[in-house]
Amino acid sequence: GSIEIDSELGVGTQFTIRLPLTLAIIDGFHVGAGNIDFIVPQNTILECVDLGSLNHVQGQSCVNLRGEQIPYIRLQELFALAPLPESREKMVVVQFGDKRAGIVVDVLHGEIQTVVKPMGPIFQALKGIGGSSLLGTGAVALILDVQQLIGFAINKENSRNGSLLASTQE
């Protein structure tokens, strides 16, 4: 990285610190969907719950979590991953700003500190992924862009609700 110092007598001093993205370390939560490893940034996670234990809203990707309707998105569906046999789905409840959603995964591995690697230019169009990381096992884990995933889950439910409303008014 680098540090730049600009100082002007009687005005003040400005320090500019530049760190390469390859040196960014985040606290994350290691999860799995299909045979792919993902990292959810820890500062966005509210809780993890067993999806099967929640009351589902009929015909929707939405659950009732202590009186609040939470839309969710399955990583398996979003990234067209093969399901793991005999796995119970878990939901990682995340929040960005005032918006909440669930990210459904197959496996909860646990907390992890990871170095963020930027995605190459060829992967810039890949939605829902903010970077990658190399796990201790040598496997690559994709770092989830929680803000985008929450937007996907909310938009999916809003469009479904709009379609249901339109069909009931016809």
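Quick note: numbers below take in every heavy atom, side chains included, and nothing from hydrogens, waters or symmetry partners. Sequential numbering from 1 along the given sequence is applied to the chain's residues.
In this structure, D106 contributes its side chain and G34 its backbone to a donor-acceptor pair below 3.5 Å. Q148 places a side-chain N or O within donor-acceptor distance of the main-chain N or O of G128, the cut-off being under 3.5 Å. Looking at H56, its side chain never comes within 3.5 Å of a backbone N or O of N64 through a donor-acceptor pair. Using modelled atom types, one side-chain atom of E157 and one backbone atom of S61 make a donor-acceptor pair closer than 3.5 Å. Within the 3.5 Å criterion, the main-chain N or O of V49 finds no donor-acceptor partner in the side chain of E47.
The closest side-chain heavy-atom distance from M91 to V63 is below 4.5 Å. Using a 4.5 Å heavy-atom cutoff, the side chains of I129 and M119 are in contact. By the 4.5 Å heavy-atom criterion applied to side chains, K156 and E77 are counted as neighbours. Within the 4.5 Å cutoff, the side chain of T44 has no heavy atoms near those of the V92 side chain. The side-chain heavy atoms of I36 and L75, taken from C-beta on, include no pair separated by under 4.5 Å. The side-chain heavy atoms of I3 and I5, taken from C-beta on, include a pair separated by under 4.5 Å. The shortest distance between side-chain heavy atoms of I26 and I143 falls below 4.5 Å. Using a 4.5 Å cut-off on side-chain heavy atoms (C-beta onward), V94 and L149 make no contact.
L51 CG to Y72 OH: the interatomic distance, rounded to the nearest 0.5 Å, is 5.5 Å. Atoms CG and CD, on N55 and Q69 in that order, are 9.5 Å from each other to the nearest 0.5 Å. The distance from atom CZ of R100 to atom CG of L46, rounded to the nearest 0.5 Å, is 5.0 Å. With rounding to the nearest 0.5 angstrom, the CD1 atom of I103 is 11.0 Å from the CZ atom of F152.
In plain terms, the two heavy atoms of D37 and H109 that are nearest each other are OD1-NE2, 3.9 Å. Smallest separation of non-hydrogen atoms from P41 and I45: O-CG1, 3.7 Å. I70 and G102 make their closest contact through CG2-N, 3.7 Å (heavy atoms, listed as atom of the first residue, atom of the second, distance). Scanning both residues, I39 and G28, for their nearest heavy atoms gives CG2-CA, 3.8 Å. Here the closest non-hydrogen pair linking V140 and S132 is CG1-CB, 4.2 Å. When all heavy atoms are compared, the tightest approach of A33 to L81 is O-CD1, 3.3 Å.
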**Asked** Are E89 and R74 close enough, and set up right, to give a side-chain contact (heavy atoms from CB on, under 4.5 Å), and what steps lead you there?
**Response** CA-CA 9 Å; E89 290 181 310; R74 285 185 165 90; 2.7 Å; yes
**Request:** Please step through side-chain contact (heavy atoms from CB on, under 4.5 Å) for the pair L65 and L54, ending with a clear verdict.
**Result:** CA-CA 7 Å; L65 183 63; L54 299 173; 3.7 Å; yes
**Request:** Apply side-chain contact (heavy atoms from CB on, under 4.5 Å) to the pair V104 and K90, showing each step before the final yes or no.
**Result:** CA-CA 6 Å; V104 178; K90 289 91 177 153; over 6 Å; no
**Request:** Show your working on side-chain contact (heavy atoms from CB on, under 4.5 Å) between E111 and H30 and close with a plain yes or no.
**Result:** CA-CA 6 Å; E111 294 181 13; H30 180 195; over 6 Å; no
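Under the side-chain contact (heavy atoms from CB on, under 4.5 Å) criterion, N35 pairs with L84, sequence neighbours left out. Take E4 and apply the salt bridge (charged side-chain N to carboxylate O under 4.0 Å, His left out) test, not counting sequence neighbours, and it matches R18.
Atom CZ of F96 has 12 or fewer heavy atoms from other residues, nucleotides or ligands within 6.0 Å.
Among pairs with a residue in residues 130-140, none fulfils salt bridge (Lys or Arg N to Asp or Glu O under 4.0 Å), at least two apart in sequence or across chains.
Here F29 and F38 keep their ring centres 6.0 angstrom or further from each other.
Criterion: ILVMFWY side-chain heavy atoms under 4.5 Å apart, direct or through other members. Under it, V40 and V107 are not part of a common hydrophobic cluster. Hydrophobic clustering, with ILVMFWY side chains joined whenever heavy atoms are under 4.5 angstrom apart, keeps L134 apart from L142.
Side-chain N/O atoms of Q113 and D27 include a donor and acceptor closer than 3.5 Å.
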